[in-house]
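One structure is given here, and the rest of the page talks about it.
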Amino acid sequence: MTHSADRQKSKTGSVNKYTWIPVALVLIPALATLGNLSWTTSILLGAPLAMISLFIPIDAAYICRFAPLGKAQMWRIILTHLAAAQVLSLLWMLIAGPFSRALAYIPQLHGIDKQFAPDRWIVYLTGCLFYVFSVAYHYVAMAQDAARAVEMQVMQTSVLARDAELRALRAQINPHFLFNSLNSISALTSIDGARAREMCLLLADFLRLTLGMGEKTVIPFSEELDLLEKFMAIEKVRFGARLCMEEKIDDQAKRCIIPALLLQPLLENAVSHGIASMEDGGMIRLEASVRDGRLAILVENDRDEEAPVRKRNGVGLKNVRSRLEARYGKEATFRADADEDKFRVTMSLPAEFASEESAATESASAQVVRAETAKAEIAAAKSGEPK
């Protein structure tokens, strides 16, 4: 808003260098038809006078700025412009006198000052009309600038509201996941202490990685995959061989950027409400591809239709749907379908790509993440060995 106001102030008083042309097109015929001058003399006198008249719209712009419509009483605005029109037009007419006398020194224009003397009122009248049109133009321009400023403010407010909504939705993810993980750890402590300790280490590693993202609202798909690897490592501690995952990710899709932690709630939903209810476990499939400028994502899991319905609060699916709507609006689609033995979520959103430098950085980060995972698993294994 401040920059817009500064630009508007800098434009105040600026006049197009061709503004004198319409003035000349009015003044020259008026001098030739209403006065005693020939067309040639009218052109030689009227064209330079029209160029000199540029001070009128410049002054009109400043007067409009200091007497804006709607911020002062109308009668004061009218009187201000009437007085300004008289002063500026009279000044222009007074300048025209010495200018005509200067032209009279040219032998071919000898006597032009005497011919022009009785017709100076034409210059005065033209100046008044020019001032009126200048005032109308500047008030219209000011109204358009004010409308654009309001529109910009509305857009900025909308963006701030959207960002606040995205932050609130993202803040909802970690507590939800942490609550479920802590419940699992609590259950494991009385059954298998070593697995509980391993799960604690993996959970700490996962939370450290997510907190390290800071205020980033989007991350490369490759980094999201690293987060999912952390998450699945935690869940495998609980379900063991019952939990399997299959990935089919295009290289182009890995370079796309997506909202941070967009897929983790979907996998958590697949594990909690799909695999967990199956005695022999099942498979989770994750697919992603880029076609026609759009990123298509599929998350599918096996399910047992006859299994008891687990209590669900709908945080995962609702959160993902809301985040997509907040960031992409109608440009993103989200669909959840269930049949006898499958539950699938499909998403389609605009494909946005990270730069090559960013991709390289994230690749290095992924290597560090995998190294940390290996260390955590080794430490967990050692802590579980009998002494």
Side-chain angles (χ1 to χ4, degrees), residues 151-152 154-174 177 206 209-232 245-270 284-300 316-336 344-370:
E151 183 180 357
M152 182 64 67
V154 171
M155 291 177 60
Q156 290 177 345
T157 302
S158 177
V159 169
L160 291 175
R162 188 195 69 177
D163 290 343
E165 180 181 1
L166 287 172
R167 285 194 295 271
L169 288 170
R170 180 176 170 180
Q172 190 182 54
I173 295 175
N174 279 341
F177 167 67
F206 177 86
L209 188 59
T210 56
L211 291 174
M213 293 180 184
E215 294 296 324
K216 289 193 295 185
T217 57
V218 294
I219 59 175
F221 200 103
S222 58
E223 186 173 336
E224 182 80 6
L225 291 178
D226 292 329
L227 289 172
L228 296 181
E229 183 180 347
K230 292 281 189 182
F231 169 76
M232 293 303 293
M245 183 169 178
E246 180 182 287
E247 293 183 6
K248 187 179 179 182
I249 314 296
D250 292 352
D251 291 337
Q252 196 174 12
K254 292 180 180 179
R255 294 194 299 109
C256 291
I257 56 174
I258 61 174
L261 295 175
L262 182 70
L263 301 181
Q264 185 269 333
L266 299 180
L267 264 67
E268 184 179 354
N269 185 77
I284 298 176
R285 298 168 185 84
L286 174 62
E287 298 181 4
S289 60
V290 177
R291 292 178 182 174
D292 300 327
R294 296 188 65 82
L295 173 62
I297 300 175
L298 167 68
V299 178
E300 182 182 75
L317 297 179
K318 182 179 179 182
N319 184 287
V320 173
R321 188 193 304 271
S322 299
R323 294 177 70 197
L324 287 175
E325 291 177 354
R327 177 170 174 79
Y328 301 104
K330 295 182 179 179
E331 295 184 4
T333 60
F334 179 92
R335 182 174 178 179
R344 67 183 59 85
V345 173
T346 55
M347 294 180 290
S348 177
L349 52 144
E352 301 174 344
F353 294 95
S355 63
E356 294 183 1
E357 181 180 354
S358 176
T361 302
E362 298 304 336
S363 177
S365 175
Q367 295 177 2
V368 174
V369 169
R370 285 192 289 270

Test side-chain contact (heavy atoms from CB on, under 4.5 Å) on Val320 and Val345; report intermediate values, then the result. CA-CA 11 Å; Val320 173; Val345 173; over 6 Å; no
Between Ile284 and Glu300, does the side-chain contact (heavy atoms from CB on, under 4.5 Å) criterion hold? Intermediate values first, please. CA-CA 6 Å; Ile284 298 176; Glu300 182 182 75; over 6 Å; no
One pair to check against side-chain contact (heavy atoms from CB on, under 4.5 Å): Leu324 and Leu262. What are the steps and the verdict? CA-CA 9 Å; Leu324 287 175; Leu262 182 70; 4.2 Å; yes
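Not a single donor-acceptor pair under 3.5 Å links the side chain of Glu224 to the backbone N or O of Ile258. Formation of a donor-acceptor pair under 3.5 Å by the Arg285 side chain with backbone atoms of Arg344 is not found in this model.
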Using a 3.5 Å cut-off and no angle test, enumerate the donor-acceptor pairs between side-chain atoms of residues 286-293 and protein atoms at least two apart in sequence or in another chain.
none

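With values rounded to the nearest 0.5 angstrom, Leu349 atom CG is found 5.5 Å from Ile297 atom CD1. For the atom pair CD of Gln264 and CG of Asn269, the computed distance is 10.5 Å after rounding to the nearest 0.5 Å. Residue Ile257 holds its CD1 atom at 11.5 Å from OG of Ser222, rounded to the nearest 0.5 Å. Between the CZ atom in Phe221 and the CG atom in Asp250 there is a gap of 9.5 Å [rounded to 0.5 Å].
Partners of Glu352 under the salt bridge (charged side-chain N to carboxylate O under 4.0 Å, His left out) rule, at least two apart in sequence or in another chain, are Arg327. Partners of Thr333 under the side chain to side chain contact (heavy atoms under 4.5 Å, CB included) rule, at least two apart in sequence or in another chain, are Ser348. In this structure Arg321 satisfies the side chain to side chain contact (heavy atoms under 4.5 Å, CB included) test together with Glu325, Phe334, sequence neighbours excluded.
When all heavy atoms of Arg294 and Ala332 are compared, the pair lying nearest together is NH2-CA, 4.0 Å. Residues Tyr328 and Pro259 approach most closely at OH-CD, 3.6 Å, considering heavy atoms.
Contact check for Lys248 versus Leu298: no side-chain heavy atoms found under the 4.5 Å cut-off. Between Leu266 and Leu317, some side-chain heavy-atom pair lies under the 4.5 Å cut-off.
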